[in-house]
Amino acid sequence: MWKKIFGGSKPAAEKKPSGMNPIYDRINWQRLPRHVAIIMDGNGRWAQSRGMIRTAGHKAGVKTLKNVLKAAIDLRLEALTVYAFSTENWKRPRPEVDFLMKLFSEYLLKELEEMNDYNVRIRFIGRRDGMPEGLQRQMNEAEELMKHNTGIRFNVAANYGGQDELLRAARSLAKKVAAGEFSAEDIDAEAMEQELDTAGDPPVDLVIRTSGDQRLSNFLLWQSAYAEFYFTDVNWPDFTPECFVDAMVDFAGRDRRFGGLTNK
Ligand code: IPE
Ligand code: IPE
Ligand code: MG
């Protein structure tokens, strides 16, 4: 159904679509971000504050992700990138890491079909080769299944680090120069972006981080160059579509100047 109604990847909606959930009444449809990135933080704190084990928070966070992806689709955003596992998260205790890997695998099994029905184009960013083999296979299959979809670009950052991504890009460019495909002078912003895991996506307009900490934690270092930042104390499992709308409303009021004197 969604494919028919909202097919096509296009810039943020120009006018309010009819028949929408009233939670979207506060949206300024002319001033939506094209690309939103989310640092889904605070699962552990959410669980611990309820006397539960940390992993219960990760489980609850999956439900939030599902709801937020739907909201992003409703709002016809072009791209949503979520931070699921960083290159630094391997430092966590083995049982927590194992739990997360299993959770990703279950998420893909359960959600794939519905995402495809919603015309979502999933892509995994980060170092896939560091992930468990079975999961790598699932990731490849999911991308393959949805590669021709034309709806929201949904990037899941798994074993992702912004510095690692830039190093991989630098290495790849250096190889091309060594092979004579490229001259060093031709390395410009466009060539760099082509090498990034997010190649083809618009720049990040808005970074949301839940749970109170105000840092990037190695997320989308290049892509967030001119992003707006939105921090909320709400832990990720408690982050509702209404919270997402709050972030959109806040974003609509920002004065983006990109180094100039106007927002043009
Ligand atoms: C975010 O929640 C999920 C991952 C990093 C995988 P955390 O697990 O970081 O939760 P807190 O920050 O410890 O509360
Ligand atoms: C960032 O959260 C990574 C993800 C949300 C996947 P962390 O919880 O790992 O970040 P730090 O350690 O607090 O900076
Ligand atoms: Mg955290």
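One-based numbering, in listed order, for ligands and for the atoms of each.
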### Query
In terms of side-chain geometry, is the basic nitrogen of Glu133 or Arg128 positioned less than 4.0 Å from the acidic oxygen of its partner?
no
### Query
Would you say Asp213 has an N, O or S atom lying under 2.8 Å from the Mg ion (ligand 3)?
no
### Message
Between the side chains of Asp201 and Arg34, is the shortest nitrogen-to-carboxylate-oxygen separation below 4.0 Å, so that they form an ion pair?
### Response
no
### Query
Would you call the rings of Phe99 and His58 parallel, tilted or perpendicular if under 30° counts as parallel and over 60° as perpendicular?
tilted
### Task
Would you check if Asn235 and Asn43 make a side-chain contact, meaning some heavy-atom pair closer than 4.5 Å?
no
### Summary
With Trp222 as partner, the option from Glu193, Glu165, Glu195 fulfilling side chain to side chain donor-acceptor pair (under 3.5 Å) is Glu193
### Message
Quick test of your reading of the model: are Asp250 and Arg254 salt-bridged, counting only N-O distances below 4.0 Å?
### Response
yes
#### Entry: Working for side-chain hydrogen bond (donor to acceptor under 3.5 Å, both in side chains), residues Arg127 and Asn159
CA-CA 5 Å; Arg127 291 188 75 111; Asn159 195 15; over 6 Å; no
### Task
Could you label the plane-to-plane angle of the Phe258 and Tyr226 rings as parallel, tilted or perpendicular, counting under 30° as parallel and over 60° as perpendicular?
tilted
### Query
Measuring from the heavy atoms of Gly42, does anything fall under 4.0 Å of ligand 1?
yes
### Message
Please check whether Ser217 reaches ligand 2 - meaning an N/O of the residue sits under 3.5 Å from an N/O of the ligand, judged on distance alone.
### Response
yes
### Task
Could you pull out the atom name of the N/O/S atom in Asp41 that is nearest the Mg ion (ligand 3)?
OD1
### Task
Using a strict cut-off of 4.0 Å, indicate which atoms of ligand 2 neighbour a heavy atom of Asp41.
2 (O), 8 (O)
### Summary
Logged contact type for Phe219 with ligand 2, heavy-atom cut-off 4.0 Å, is neither
### Task
Pull out every atom of ligand 2 sitting under 4.0 Å from any heavy atom of Phe85, numbered as shown with elements.
6 (C)
### Message
Looking at every non-hydrogen atom in both residues, tell me the closest pair between Ala47 and Ile53 and how far apart they are.
### Response
CB-O, 3.2 Å
### Message
Between Arg257 and Asp255, does the salt bridge (charged side-chain N to carboxylate O under 4.0 Å, His left out) criterion hold? Intermediate values first, please.
### Response
CA-CA 6 Å; Arg257 294 186 293 279; Asp255 182 18; 2.8 Å; yes
### Query
Hey, does Ser86 come in under 3.5 Å of ligand 2, counting only N/O atoms on both sides?
no
#### Entry: Pair Arg168 + Asp197, salt bridge at N-O below 4.0 Å
yes
### Query
Can you tell me which residue and heavy atom of the protein come closest to atom 10 (O) of ligand 1, and the distance to 0.1 Å?
Gly44 N, 2.9 Å
### Message
With a heavy-atom distance limit of 4.0 Å, tell me whether Arg215 approaches ligand 2 through its side chain, its backbone, both, or neither.
### Response
side chain
### Task
List the closest protein heavy-atom neighbour of atom 1 (C) of ligand 1: residue, atom name, distance to the nearest 0.1 Å.
Met40 O, 3.0 Å
### Query
Given that the side chain starts at C-beta and the backbone is N, CA, C, O, which of these parts of Arg45 lies under 4.0 Å from ligand 2, counting heavy atoms, or is it both or neither?
neither
### Task
Considering heavy atoms of the protein only, find what lies nearest to atom 2 (O) of ligand 1 and give residue, atom and distance to 0.1 Å.
Asn43 N, 3.2 Å
### Query
Is Arg54 in contact with ligand 1, taking contact as a heavy-atom separation below 4.0 Å?
yes
### Summary
Per-atom filter on ligand 2: closer than 4.0 angstrom to a heavy atom of Arg209 are 2 (O), 10 (O), 11 (P), 13 (O), 14 (O)
### Query
Among protein heavy atoms, which lies nearest atom 6 (C) of ligand 1, and at what distance?
Ala84 O, 3.3 Å
### Pair Glu78 + Arg153, salt bridge at N-O below 4.0 Å
no
### Query
For ligand 1, does Asn235 get within less than 4.0 Å through its side chain, its backbone, both, or neither, judged by non-hydrogen atoms?
neither
### Query
For ligand 2, does Arg92 get within less than 4.0 Å through its side chain, its backbone, both, or neither, judged by non-hydrogen atoms?
side chain
### Task
Give the residue, atom name and distance (to 0.1 Å) of the protein heavy atom nearest atom 9 (O) of ligand 2.
Asn89 ND2, 2.9 Å
